[in-house]
Amino acid sequence: MSELSHMDAEGRVAMVDTSAKAQTARRAVASARVLMSPETLDAVRAHRTPKGDPLEAARIAGIMAAKRTADLIPLCHPLPLTHADVRAELREDGVHIEAVAATNAQTGVEMEALTAAAVAALTVYDMCKALEKGITITDVRLEEKTGGKSGTWRRESRQ
């Protein structure tokens, strides 16, 4: 890449002008992991967490975060999301989060999916921190994206 897309002629950061780009259907999937002790995981499984159900709270928080991404990430374009969803699933080492965002727009929804996954993971931490301060949020990452000029991209090793 010879030219940085988010820099103006004077070297200042700038929002990319997408006005000449075609609107296309775009979709992105991101994930995150929330690692916790077996005791904390047992409490989540048994619905014994002090603040209520962390998985449902994380799901709603992630959806809300996807809708507010442009308010949080300075150079993101506000996008009209056509779909946002978050799934939080108990695994043997903690909670696995998968977030999906979709739009018909001139720019992609990767940041919306990533923001949804990250905020959902933070919400699990918040809901469980009274039980364990050492919870670890890890592997916030893009899993796949479709649409736009660059087409489809998928992570080779989805876990």
**Message:** Measuring only between side-chain heavy atoms, which start at C-beta, is R155 closer than 4.5 Å to R141?
**Reply:** yes

**Request:** Considering only NZ, NE, NH1 and NH2 on the basic side and carboxylate oxygens on the acidic side, decide whether E144 and R27 come within less than 4.0 Å.
**Result:** yes

**Item:** R91 with E89: basic N within carboxylate O range, under 4.0 Å
**Value:** yes

**Student check: side-chain heavy atoms of L79 and E112 closer than 4.5 Å** = yes

**Request:** Evaluate the side-chain proximity of V100 to H83: yes if any heavy-atom separation is below 4.5 Å, no if none is.
**Result:** yes

**Asked** Quick one: side-chain contact (heavy atoms from CB on, under 4.5 Å) partners of E132, sequence neighbours excluded?
**Response** M36, S37, T40, I135

**Prompt:** Of all residues at least two apart in sequence or in a different chain, which pass the side-chain contact (heavy atoms from CB on, under 4.5 Å) check with D71?
**Reply:** R68

**Prompt:** Is there a donor-acceptor pair under 3.5 Å between the side chain of T146 and the backbone N or O of T152?
**Reply:** no

**Request:** List for me each residue that meets side-chain hydrogen bond (donor to acceptor under 3.5 Å, both in side chains) alongside S150, sequence neighbours excluded, and say none if there are none.
**Result:** K145

**Asked** Any salt bridge between D42 and R48, counting N to O under 4.0 Å?
**Response** no

**Asked** So do D93 and R33 actually touch side chain to side chain, heavy atoms under 4.5 Å?
**Response** yes

**Message:** Within a 6.0 Å radius of atom NZ on K133, are there more than 12 heavy atoms belonging to other residues, nucleotides or ligands?
**Reply:** yes

